[in-house]
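Read the structure below first, then the notes.
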Amino acid sequence: MPELPEVEVVRRGLLHHLPGRRITGLATDGKVLREPVPEAAMKRLLPGTAITDVTRRAKYLLIHLDSGAVMIIHLGMTGRLGLHDRNEPPAAHDHVCWSLDNGMELRLNDTRRFGLVKMAAPDQAATLEQTVFRTSGPEPLSPSFDGRYLHDTARGRALPVKSFIMDTRVVVGIGNIYANESLFSAGIRPNRKAGAISLGRYETLAEKIKTVLERAIACGGSTISDFISASGENGYFQVHFNVYGKRDKPCPRCNRLLSHGVIGGRATFFCSKCQR
DNA sequence: ATGGCCTCCTGTATGC
DNA sequence: TGCATACAGGAGGCCA
C-alpha cells in the first residue's frame, strides 16, 4: 500500500497525536515480519519513555524517544499504523501494539508481513540509522535530487529508466505507482535505457517526480483529520492516476489506448504516443 | 559492477 | 460454485 506520499501522510497524522505521549506497554502476536519483531528490546527500552518526534527517511518512519532511543518502522506492502481506543478489539493481522498514556494504542497491522520494526537503545540509535540507510539514495523532494544528479548517476547504465528510478540506491521513495505516473508526466517511455536519456529530459523527469509526489502528499493530507479511524479504509488514495492501472484505457493526453507491459517484474503502463 | 530474478506472506481477482 | 492460478503499491539478497 504505502509509497513515499502515503508514509509521509501517516507521519503527519502521527505527529498530531504522538509527541508528548508516554509509552506504557507493549504487546506483539509473535509473528515474524520481514525480521523478527524486537519484542525484548522494546519491552526493555520503551515503557516510561515519551515520544518526542516522528520523522521519515525513504519509506521508513522513525519514532524518537526522550531517552534518545529510536524505533524504525517500515510498512512494507500492506502495513498500516493506526490509533485505536484500548477497548477496541484487535483486528486480524494486528502484530504490534504500543499502549499510550492517554488510553489509546498505536497498532501496526500488516497482512502480508513485509513490514519491519527495529529498535535501538540511545547509544545505538545513530549506528542503527547508519546501518538501515547505508545504501539509500537521496530523498526525491530534497534539493540535491535533480536532473543533473539523475543524468550523472545514469551514465553508462543500460537498465530501463523505470527500474533505474525505482532503485532505492539511486533515489528512495519511488515505488511502482509513482514511477509509472512520473514517467508519463515526463513523456519518457519506461523501457528506455537509463544511460541514453539526455540531461534536459532528466531535468523534466526530476521535476515531474517532485510534482507528482508533492501533489499526492497534498491529496493524502485531506484525510489526516480522519487519522484516528484510519485503519486504512478511508484510504489515502484520492490521487488521480493518469496511467497506473489503466490498461487499455484512453491516454488522458491524446486518447490513444494505453499500453501495458512488465518491467523488472512490475506492471507498467504508458502511452506509446506521448512517451518516447 | 551490473542487471535480472527470487523471496518473504496473505488476500483478492480472474479464468476454466 | 469450486478450484487453480496470477497478481498486488517493497526491497534486500543472490547469482551469472
Side-chain angles (χ1 to χ4, degrees), chain A residues 1-10 29-37 56-61 72-81 91-96 108-118 128 130-137 139-140 152-184 190-196 209 212-213 216-217 219-220 223 230-248 260-269:
Chain A
M1 179 182 285
E3 294 201 28
L4 185 148
E6 289 71 39
V7 176
E8 178 61 21
V9 168
V10 169
D29 67 355
K31 290 277 175 62
V32 173
L33 305 183
R34 204 162 86 204
E35 298 174 358
V37 173
R56 178 188 62 73
R57 170 77 170 102
K59 295 177 189 169
Y60 293 83
L61 289 167
I72 300 183
I73 297 174
H74 194 285
L75 299 177
M77 298 260 271
T78 53
R80 295 171 184 165
L81 276 173
H93 310 297
D94 276 353
H95 301 306
V96 187
L108 174 64
N109 184 285
D110 185 3
T111 305
R112 288 176 70 182
R113 306 213 298 268
F114 289 169
L116 183 66
V117 178
K118 285 177 174 288
L128 177 65
Q130 278 174 13
T131 303
V132 172
F133 302 117
R134 70 191 183 286
T135 60
S136 299
E139 289 287 326
D152 288 352
T153 308
R155 184 196 295 260
R157 304 290 302 273
L159 80 171
V161 62
K162 178 168 180 255
S163 303
F164 177 67
I165 61 171
M166 288 180 69
D167 184 339
T168 58
R169 292 166 297 188
V170 173
V171 55
V172 299
I174 303 175
N176 198 32
I177 290 178
Y178 296 108
N180 277 297
E181 293 294 322
S182 302
L183 288 165
F184 173 77
N191 66 353
R192 186 164 289 280
K193 286 186 192 315
I209 286 171
V212 167
L213 292 176
I217 291 170
C219 248
T223 66
S231 312
E233 281 20 278
N234 299 331
Y236 302 114
F237 303 107
Q238 296 106 327
V239 187
H240 180 260
F241 298 147
N242 281 309
V243 292
Y244 182 78
K246 308 232 177 223
R247 177 179 191 168
D248 295 334
H260 172 267
V262 175
I263 293 178
R266 314 301 296 274
T268 303
F269 306 88

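Proteins come first, then strands; the chains are lettered A, B, ... in the order of their sequence lines, and each starts at number 1. Heavy atoms only: backbone and side chains are in, while hydrogens, waters and symmetry mates are out.
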Legend entry - Minimum heavy-atom distance between A:L33 and A:L116, given as atom pair plus value: CD1-N, 4.3 Å
Legend entry - Closest non-hydrogen atom pair between A:L75 and A:R80, with its separation: CD2-N, 4.1 Å
Inset, instruction - Give a yes/no on whether any side-chain N or O of A:T168 is located under 4.0 angstrom from OP1 or OP2 of C:dG12. - result: yes
Legend entry - Side-chain N or O of A:R266 closer than 4.0 Å to phosphate OP1/OP2 of C:dG10: yes
Legend entry - Identified side chain to side chain contact (heavy atoms under 4.5 Å, CB included) counterpart of A:K118 within the set A:L128, A:V37, A:I73: A:L128
Inset, instruction - Compare the minimum distances between each of C:dG10, B:dT2, B:dT10 and the side chain of A:H93, then state the nucleotide with the smallest one. - result: B:dT10
Inset, instruction - Flag the pair A:Y60 / A:F133 as yes when their ring centroid distance falls below 6.0 Å, and as no otherwise. - result: yes
Inset, instruction - Look at the side chain of A:A158 and decide which nucleotide, out of B:dT10, B:dG3, C:dG10, has an atom nearest to it. - result: B:dG3
Inset, instruction - Check whether any side-chain heavy atom of A:K31 sits under 4.5 Å from a side-chain heavy atom of A:H93, and report yes or no. - result: no
Legend entry - Presence of donor-acceptor pair under 3.5 Å, side chain of A:R112 and base of B:dC9: yes
Legend entry - Whole-Å distance separating the CG atom of A:D167 from the C1' atom of B:dG4: 12 Å
Inset, instruction - Mind checking A:F164 for me? I need base, sugar-phosphate or nothing, with any heavy atom below 4.0 Å counting as a touch. - result: nothing
Inset, instruction - Determine: side-chain N/O of A:Y244 to OP1/OP2 of C:dA8, distance under 4.0 Å, yes or no. - result: no
Inset, instruction - Calculate the interatomic distance between A:R34 atom CZ and C:dA11 atom C1'; express it in whole Å. - result: 6 Å
Inset, instruction - Rounded off to whole Å, could you give me the CG-to-P distance for the A:D110 and B:dT10 pair? - result: 11 Å
Inset, instruction - Identify which nucleotide among C:dG13, C:dG10, B:dT10 has an atom closest to any side-chain atom of A:T111, counting heavy atoms from C-beta outward. - result: B:dT10
Legend entry - Shortest non-hydrogen contact between A:P2 and A:K59, atoms and distance: O-CD, 4.1 Å
Legend entry - Strand DNA chain B in bracket notation, Watson-Crick/G-U under 3.5 Å with | for pairs to another chain: .|||||||.|||||||
Legend entry - Base of C:dA11 and ring of A:F114 stacked, centres under 5.5 Å, planes under 30°: no
Inset, instruction - Starting from P on C:dA8, measure out to NE2 on A:H260 and report it in whole angstrom. - result: 7 Å
Legend entry - B:dT10 phosphate, OP1 or OP2, under 4.0 Å from A:R113 side-chain N/O: yes
Inset, instruction - Check the distance between C:dA11's P and A:L33's CG and give it to me in whole angstrom. - result: 15 Å
Inset, instruction - Verify the distance criterion only: is there a donor paired with an acceptor across the side chains of A:D29 and A:H95 at less than 3.5 Å? - result: yes
Inset, instruction - Would you please confirm or rule out a distance under 4.0 Å between OP1 or OP2 of B:dG3 and any side-chain N or O of A:R157? - result: yes
Legend entry - Gap between atoms NZ and C1', on A:K193 and B:dG4 respectively (whole Å): 13 Å
Inset, instruction - Rounded off to whole Å, could you give me the OH-to-P distance for the A:Y178 and C:dA8 pair? - result: 17 Å
Inset, instruction - Could you work out the separation of B:dC6 and C:dA6 based on their P atoms and round it to a whole Å? - result: 13 Å
Legend entry - Given A:I174, A:T268, A:N242, the one that forms side chain to side chain contact (heavy atoms under 4.5 Å, CB included) with A:N180: A:T268
Legend entry - Given B:dG3, B:dT10, C:dG10, the nucleotide with the shortest approach to the side chain of A:N176: C:dG10
Inset, instruction - Provide, to the nearest angstrom, the distance between the CG atom belonging to A:L159 and the P atom belonging to B:dC5. - result: 12 Å
Inset, instruction - Write down the distance separating the P atoms in C:dC7 and B:dC5, rounded off to the nearest Å. - result: 14 Å
